[in-house]
Amino acid sequence: MNRKLLIAALSGALLFAQNALAIDTPQGWKATTASDGTVYTPTDAKENSVSLVISPPLPDEGKTAAQLLEKASQGITEGEGVKIVKRGKVTQKGKRAETVIEVEIAGSPVRVTYAAYPLGKGNMRAVIVFMDGDAQTLKRYEKAANDIIDAQYAEDTAGKK
């Protein structure tokens with residue numbers, strides 16, 4: 001199973017229907033627009049070792065961000081080369097919910113960080129980070145990925161109470 005299929009599994013019933021209103025591309029990263037949002041990758045990373053997807057506005061289905069992440073997390077099942085190593089708990093930071101899921105795809109460890117938060121008017125934003133699970137990749141790119149999530153959250157919530 002490739003990462004695009006894993007994105008689909010993580011999104012569960014969530015539909016990616018519009019372009020994301022994303023932040024400026026951070027230095028050392030490139031951004032591409034795809035059907036499921038804006039995809040950020042570091043320019044110096046090995047191919048397919050790190051990617052961050054910022055979704056367009058998604059319907060919130062009348063649920064909180066934490067409820068949607070729990071649903072998406074439970075939607076990931078083993079099979080087609082995917083093995084779930086550890087399913088993290090959904091945590092809440094203000095209105096933003098996050099979870100980390102460790103999987104193996106075709107025997108290679110992948111760490112999936114999933115964040116979601118309300119945009120208002122029945123919409124939600126999701127950010128999914130796929131990162132090779134080796135310590136060197138995590139050390140090199142994890143902070144930058146978290147900074148991108150924080151920047152998008154700050155942009156989306158600026159001026160909202």
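Counting begins at 1 with the first residue of the sequence. All of these numbers come straight from a predicted model, not from anything done at the bench.
- Under 3.5 Å, the side chains of Tyr141 and Asp44 contain a donor-acceptor pair of N or O atoms.
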Thr43 and Trp29: side chain to side chain contact (heavy atoms under 4.5 Å, CB included), yes or no, with the steps? CA-CA 5 Å; Thr43 56; Trp29 290 66; 5.7 Å; no
For the pair Leu68 and Asp60, evaluate side chain to side chain contact (heavy atoms under 4.5 Å, CB included) and give the outcome as yes or no after the intermediate values. CA-CA 8 Å; Leu68 287 172; Asp60 69 10; 4.3 Å; yes
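- When hydrophobic clusters are built by joining Ile, Leu, Val, Met, Phe, Trp and Tyr residues whose side-chain heavy atoms come closer than 4.5 Å, directly or via intermediates, Ile54 is not grouped with Val100.
- In terms of heavy-atom proximity, Ser55 sits nearest to Arg125 at O-NH1, 2.6 Å.
- Atom NZ of Lys63 is separated from atom NZ of Lys71 by 5.5 Å, given to the nearest 0.5 angstrom.
- Closest heavy-atom contact between Gln92 and Ala66: OE1-CB, 3.2 Å.
- Closest heavy-atom contact between Val53 and Asp36: CG1-O, 3.6 Å.
- Side-chain atoms of Glu142 and Asn146 include no donor-acceptor pair closer than 3.5 Å.
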Side chain to side chain contact (heavy atoms under 4.5 Å, CB included) between Asp150 and Ile148, intermediate numbers included: CA-CA 5 Å; Asp150 290 343; Ile148 293 170; over 6 Å; no
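- Nearest heavy-atom pair across Val129 and Met131 is CG1-CE, 3.8 Å.
- Under the side chain to side chain contact (heavy atoms under 4.5 Å, CB included) rule, Ser73 has a single partner from Ile84, Ile101, Val112, which is Ile101.
- Using a 4.5 Å cut-off on side-chain heavy atoms (C-beta onward), Lys95 and Tyr153 make contact.
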For a side chain to side chain contact (heavy atoms under 4.5 Å, CB included) check, start with the C-alpha distance between Arg111 and Leu138, then their side-chain angles and the critical distance, and finish with the verdict. CA-CA 9 Å; Arg111 183 176 178 179; Leu138 292 170; 3.7 Å; yes
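- Using a 4.5 Å heavy-atom cutoff, the side chains of Val50 and Thr41 are not in contact.
- The line from CZ of Arg96 to OG1 of Thr157 is 9.0 Å long, rounded to the nearest 0.5 Å.
- In this structure, Asn123 CG and Tyr117 OH are separated by 12.0 Å, a value rounded to the nearest 0.5 Å.
- Minimum interatomic distance between Ala145 and Leu52 (heavy atoms only, all atoms of both residues): O-CD1, 3.6 Å.
- In this structure, the side chains of Arg87 and Gln74 come closer than 4.5 Å at one or more pairs of heavy atoms.
- One finds the CG atom of Asp24 at 10.0 Å from the CD atom of Gln152 (value rounded to the nearest 0.5 Å).
- Within the 4.5 Å cutoff, the side chain of Thr91 has no heavy atoms near those of the Thr99 side chain.
- When all heavy atoms of Pro118 and Ala65 are compared, the closest pair comes out as CD-CB, 4.5 Å.
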